[in-house]
Asker: 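Encoded as structure tokens, here's the structure I'll be asking about.
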Amino acid sequence: MRKIIIAIDGYSSSGKSSFAKNIAKKYGYIFIDTGAMYRAVTYYAMQNGLVDSHGSVYEDKLIENLPNIKITFRYDPVTEASSIFLNGVKIDEEIRSVDVSDKVAVVSSIPQVRERLVALQREMGRDKGIVMDGRDIGTVVFPDADLKIFMTADPEIRAMRRYRELSQAGKKVSLEEITQNILKRDNADITRTVGPLKKAEDALLLDNSRMSLEQQMLWVSEKIDKLIK
Ligand code: DC
């Protein structure tokens with residue numbers, strides 16, 4: 001069977017990662033959550049005093065430190081989940097904090113950060129057989145991807161999804177706080193000069209506001225099956 005590259009882009013909390021993870025599981029593909037990579041760099045900046053108390057990032061210092069940031073993913077066949085490591089330390093939980101979510105927009109707008117992560121992402125997809133989700137995968141990282149999907153859902157539905165996710169993980173957050181964070185990130189994603197969130201012309205639009213994961217899988221499997229046979 002032919003191995004392909006599947007690029008999934010879309011708004012924050014539109015369900016990209018769950019969808020991409022399921023596709024990867026079904027087809028035995030590698031799943032890469034590029035949002036986690038931008039979050040990892042943000043977390044590194046926060047841990048190393050490169051963010052001040054007002055949330056401003058010391059860009060020059062962060063750029064200088066980029067060679068010291070090593071991001072890797074490791075798949076655990078027992079839990080069937082992959083974890084992200086920053087310089088060898090697992091940081092799955094840390095990167096999901098509201099604090100990181102608040103600062104990631106600034107970090108991901110730094111061209112040098114994007115340049116480095118895009119290069120790493122291309123390297124990860126060299127052998128194909130990959131599902132990558134993010135904001136600029138179909139437009140910048142893999143403009144020649146075999147299948148491109150652009151995901152969206154109503155903002156209030158996205159906010160509720162993130163709220164449930166965080167609450168289930170035992171985090172104390174308010175729906176209002178989450179909604180504001182999502183709207184702020186939508187704006188930052190769309191208006192960023194480098195690698196903005198934009199539907200690639202040849203991407204298929206998927207609005208999953210009223211779709212279950214099973215329905216989304218049926219929709220996408222039909223397309224993938226045609227491409228790999
Ligand atoms: O998918 P997420 O919400 O975990 O992504 C975190 C942030 O990273 C999001 O605010 C936008 C940014 N991001 C990006 O700029 N480019 C990507 N390819 C993926 C994420």
Side-chain angles (χ1 to χ4, degrees), residues 5-21 31-46 51 55 57 62 69 71 73 82-84 86 91-125 130-143 145 148-153 155 157-166 169 171 173 177-200 203 208:
I5 292 183
I6 303 171
I8 301 182
D9 290 303
Y11 289 90
S12 290
S13 300
S14 57
K16 298 184 298 292
S17 292
S18 309
F19 185 48
K21 233 181 263 175
F31 158 64
I32 301 289
D33 172 358
T34 63
M37 298 169 76
Y38 287 94
R39 286 173 181 271
V41 176
T42 308
Y43 181 67
Y44 176 94
M46 289 163 62
V51 181
V57 177
L62 178 57
I69 304 178
I71 298 169
F73 288 93
S82 86
S83 289
I84 184 163
L86 171 66
I91 51 159
D92 294 317
E93 280 194 19
E94 290 80 351
I95 59 166
R96 301 288 156 202
S97 72
V98 175
D99 224 13
V100 170
S101 299
D102 261 346
K103 306 200 167 70
V104 64
V106 180
V107 171
S108 57
S109 70
I110 302 171
Q112 290 86 341
V113 169
R114 302 201 72 83
E115 203 179 299
R116 187 163 177 92
L117 293 189
V118 167
L120 193 57
Q121 290 152 10
R122 288 190 180 139
E123 180 61 29
M124 290 169 167
I130 194 164
V131 190
M132 195 173 272
D133 87 81
R135 305 295 192 287
D136 58 343
I137 313 305
T139 49
V140 176
V141 183
F142 295 121
K148 298 182 187 178
I149 297 165
F150 189 87
M151 289 177 73
T152 183
I157 290 180
R158 291 188 282 129
M160 188 48 98
R161 284 178 186 156
R162 186 69 114 198
Y163 176 71
R164 286 211 188 103
E165 240 172 58
L166 289 169
K171 302 264 162 18
V173 284
E177 192 182 0
I178 302 288
T179 308
Q180 288 315 319
N181 178 261
I182 281 190
L183 293 177
K184 209 167 100 188
R185 282 200 292 146
D186 280 0
N187 187 53
D189 277 340
I190 300 166
T191 55
R192 185 168 52 233
T193 6
V194 191
L197 172 64
K198 201 172 105 199
K199 181 183 166 301
N208 66 5

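Counting starts at 1 for both ligands and their atoms, following the listed order.
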Asker: How far apart are the C-alpha atoms of T179 and R158, what are their side-chain angles, what is the distance that settles it, and do they pass the side-chain hydrogen bond (donor to acceptor under 3.5 Å, both in side chains) test?
Answerer: CA-CA 8 Å; T179 308; R158 291 188 282 129; over 6 Å; no

Asker: Below 4.0 angstrom from a heavy atom of S108, which ligand 1 atoms are there? Numbered from 1 as shown, please.
Answerer: 12 (C), 15 (O)

Asker: Would you give the length of the straight line joining atom CG of D33 to atom OG of S17, rounded to the nearest 0.5 angstrom?
Answerer: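 Those atoms lie 4.0 Å apart.
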
Asker: Any idea which part of R135 is under 4.0 Å from ligand 1, heavy-atom wise: side chain, backbone, both or neither?
Answerer: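 For R135, the contact with ligand 1 is made by both the backbone and the side chain.
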
Asker: Using a strict cut-off of 4.0 Å, indicate which atoms of ligand 1 neighbour a heavy atom of R39.
Answerer: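 Reading through ligand 1 atom by atom, the close ones are 2 (P), 3 (O), 4 (O), 6 (C).
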
Asker: Is it true that K184 lies under 4.0 Å from ligand 1, counting heavy atoms only?
Answerer: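 In this structure, K184 fails to qualify as a contact of ligand 1 - no heavy atom is under 4.0 Å.
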
Asker: Under the 3.5 angstrom rule, does the side chain of R122 hit a backbone N or O of V141 as a donor-acceptor pair?
Answerer: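 A pair under 3.5 Å: yes.
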
Asker: At the 4.0 Å heavy-atom cut-off, does Q121 count as touching ligand 1?
Answerer: no

Asker: Which bit of K103 is near ligand 1, meaning a heavy atom under 4.0 Å away: side chain, backbone, both or neither?
Answerer: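 Neither; nothing of K103 gets under 4.0 Å from ligand 1.
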
Asker: Applying a 4.0 Å heavy-atom criterion (strictly less than), which segment of D133 is in contact with ligand 1: side chain, backbone, both, or neither?
Answerer: neither

Asker: Mark up the atoms of ligand 1 that fall under 4.0 Å of a heavy atom belonging to G134, in ascending order.
Answerer: 18 (N), 19 (C)

Asker: Give me the nearest non-hydrogen protein atom to atom 19 (C) of ligand 1 as residue plus atom name, then the distance to 0.1 Å.
Answerer: T34 OG1, 3.4 Å

Asker: So does D136 get a backbone contact from the side chain of K198, meaning a donor-acceptor N/O pair under 3.5 Å?
Answerer: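 No: the side chain of K198 does not pair with the backbone of D136.
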
Asker: With a 4.0 Å heavy-atom cut-off (strictly under), which part of M37 contacts ligand 1: side chain, backbone, both or neither?
Answerer: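 The answer is neither; M37 stays 4.0 Å or more away.
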
Asker: Look at ligand 1 and say whether R162 reaches it with a heavy atom at a distance under 4.0 Å.
Answerer: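 Per 4.0 Å heavy-atom rule, R162 contacts ligand 1.
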
Asker: Looking only at N/O atoms, are Y38 and ligand 1 under 3.5 Å apart anywhere?
Answerer: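 For ligand 1, there is no N or O atom that lies under 3.5 Å from one belonging to Y38.
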
